[in-house]
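Report on the following structure.
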Amino acid sequence: MDPDDLWRGYVDGIARSVRCFPGAREGLEALRSGGWTLAIATNGEGDIQRAKLTATGLAPLFDGICVSGEVGVRKPDRHLFEAAAAECGASLSPEGWMIGDNPETDMGGARAAGLRTLWVAAGREWADGLLKPDVTVSGIAEAIEVLQGTTV
């Protein structure tokens with residue numbers, strides 16, 4: 001079989017298997033309505049990450065989508081965060097937030113980039129020796145509630 005066909009089948013299979021967390025779409029819509037600028041900074045291959053966002057219907061809710069495989073750097077590298085901000089016509093600032101689930105790449109990278117950090121723990125404990133995030137929540141719905149309670 002042609003390698004390109006195999007890859008497309010793989011990407012399509014991943015896209016078919018991805019689901020939104022409950023409340024994610026509605027929460028993102030509420031943040032946008034509240035004036036938030038939303039970006040994604042994610043590690044991975046561009047076609048896979050974009051296929052997942054398209055399949056879930058979340059892609060149009062973001063002002064910028066920055067994928068490491070398209071930019072050539074991976075989180076926790078500051079340049080990926082800068083590229084995500086630039087996708088939105090913005091620059092990094094201390095008022096910005098990174099919401100993520102990986103203590104090292106998401107939280108550590110965001111902190112190094114000068115962003116506030118919100119860790120989605122999903123039942124996990126924070127690892128000893130790492131600088132704690134600004135906020136810890138159990139799930140995405142709670143993360144959105146925290147952001148809705150802050151100023152844009």
Side-chain angles (χ1 to χ4, degrees), residues 8 10-71 73-78 80-127 130-152:
R8 277 191 296 277
Y10 175 70
V11 171
D12 291 345
I14 289 174
R16 281 191 305 273
S17 68
V18 71
R19 302 286 180 269
C20 285
F21 288 107
R25 180 177 292 113
E26 298 80 7
L28 291 168
E29 289 169 347
L31 289 172
R32 284 195 55 100
S33 294
W36 284 82
T37 299
L38 304 176
I40 291 180
T42 186
N43 288 339
E45 293 301 319
D47 50 358
I48 292 174
Q49 301 299 56
R50 289 179 186 280
K52 292 190 299 186
L53 289 166
T54 299
T56 58
L58 296 179
L61 298 176
F62 292 92
D63 301 288
I65 298 170
C66 188
V67 185
S68 67
E70 297 170 347
V71 178
V73 294
R74 295 177 58 83
K75 292 182 291 182
D77 191 307
R78 175 187 180 93
L80 188 66
F81 295 95
E82 290 170 342
E87 286 279 326
C88 301
S91 57
L92 297 178
S93 76
E95 290 79 37
W97 284 91
M98 171 64 184
I99 295 82
D101 63 356
N102 187 296
E104 294 176 16
T105 60
D106 293 336
M107 301 299 96
R111 188 169 301 280
L115 300 171
R116 291 180 280 182
T117 55
L118 194 158
W119 182 53
V120 180
R124 297 168 294 152
E125 295 293 320
W126 189 257
L130 296 176
L131 189 59
K132 291 193 183 260
D134 295 306
V135 178
T136 298
V137 297
S138 61
I140 191 67
E142 188 181 354
I144 290 168
E145 288 176 17
V146 167
L147 292 179
Q148 288 175 317
T150 63
T151 57
V152 178

Under 3.5 Å donor-acceptor, [X] side chain and [Y] backbone:
| X | Y | answer |
| --- | --- | --- |
| Arg78 | Ala113 | yes |
| Arg111 | Gly108 | no |
| Thr117 | Asp134 | yes |

Quickly, which of Glu45, Gln49, Arg50 forms a side chain to side chain contact (heavy atoms under 4.5 Å, CB included) with Glu70? Name it, please.
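In the set Glu45, Gln49, Arg50, the residue that makes a side chain to side chain contact (heavy atoms under 4.5 Å, CB included) with Glu70 is Arg50.
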Could you tell me if the side chain of Trp126 sits less than 4.5 Å from the side chain of Thr136, heavy atoms only?
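No, side chains not in contact.
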A side-chain contact here means heavy atoms from C-beta on lying under 4.5 Å apart; do Arg116 and Glu95 qualify?
yes
List in chain and number order the residues that pass side chain to side chain donor-acceptor pair (under 3.5 Å) with Asp12, two or more places apart in sequence or in another chain; answer none if no residue qualifies.
none
Which atoms form the tightest heavy-atom contact between [X] and [Y], and what is the distance?
| X | Y | value |
| --- | --- | --- |
| Ile40 | Ala84 | O-CB, 3.9 Å |
| Ala55 | Ala15 | CB-O, 3.3 Å |
| Ala143 | Val120 | CB-CG2, 4.3 Å |
| Thr37 | Cys88 | CG2-CB, 3.6 Å |
| Gly44 | Arg74 | N-NH1, 3.8 Å |

When rounded to the nearest 0.5 angstrom, what distance separates [atom1] in [X] from [atom2] in [Y]?
| X | Y | atom1 | atom2 | result |
| --- | --- | --- | --- | --- |
| Leu147 | Trp36 | CG | CH2 | 4.5 Å |
| Leu31 | Leu61 | CG | CG | 10.0 Å |
| Trp119 | Ser138 | CH2 | OG | 11.0 Å |
| Leu28 | Phe62 | CG | CZ | 4.5 Å |
| Met107 | Asp101 | CE | CG | 8.0 Å |
| Ile65 | Glu87 | CD1 | CD | 8.5 Å |

side-chain contact (heavy atoms from CB on, under 4.5 Å) with Glu26: which residues, sequence neighbours excluded?
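With sequence neighbours excluded, Glu26 shows a side-chain contact (heavy atoms from CB on, under 4.5 Å) to no residue whatsoever.
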Suppose we screen for side-chain contact (heavy atoms from CB on, under 4.5 Å). Which residues come up paired with Ala141, at least two apart in sequence or across chains?
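Once residues adjacent in sequence are excluded, Ala141 has no partner under the side-chain contact (heavy atoms from CB on, under 4.5 Å) criterion.
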Residue from Thr105, Asp106, Asn102 passing side chain to side chain donor-acceptor pair (under 3.5 Å) with Lys75
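Single pass found, and it is Asp106.
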Passes salt bridge (charged side-chain N to carboxylate O under 4.0 Å, His left out), Arg32 versus Asp63? Steps please.
CA-CA 9 Å; Arg32 284 195 55 100; Asp63 301 288; 2.9 Å; yes
Evaluate the criterion side-chain contact (heavy atoms from CB on, under 4.5 Å) for residue pair Leu80 and Asn43; output intermediate values, then yes/no.
CA-CA 9 Å; Leu80 188 66; Asn43 288 339; 3.7 Å; yes
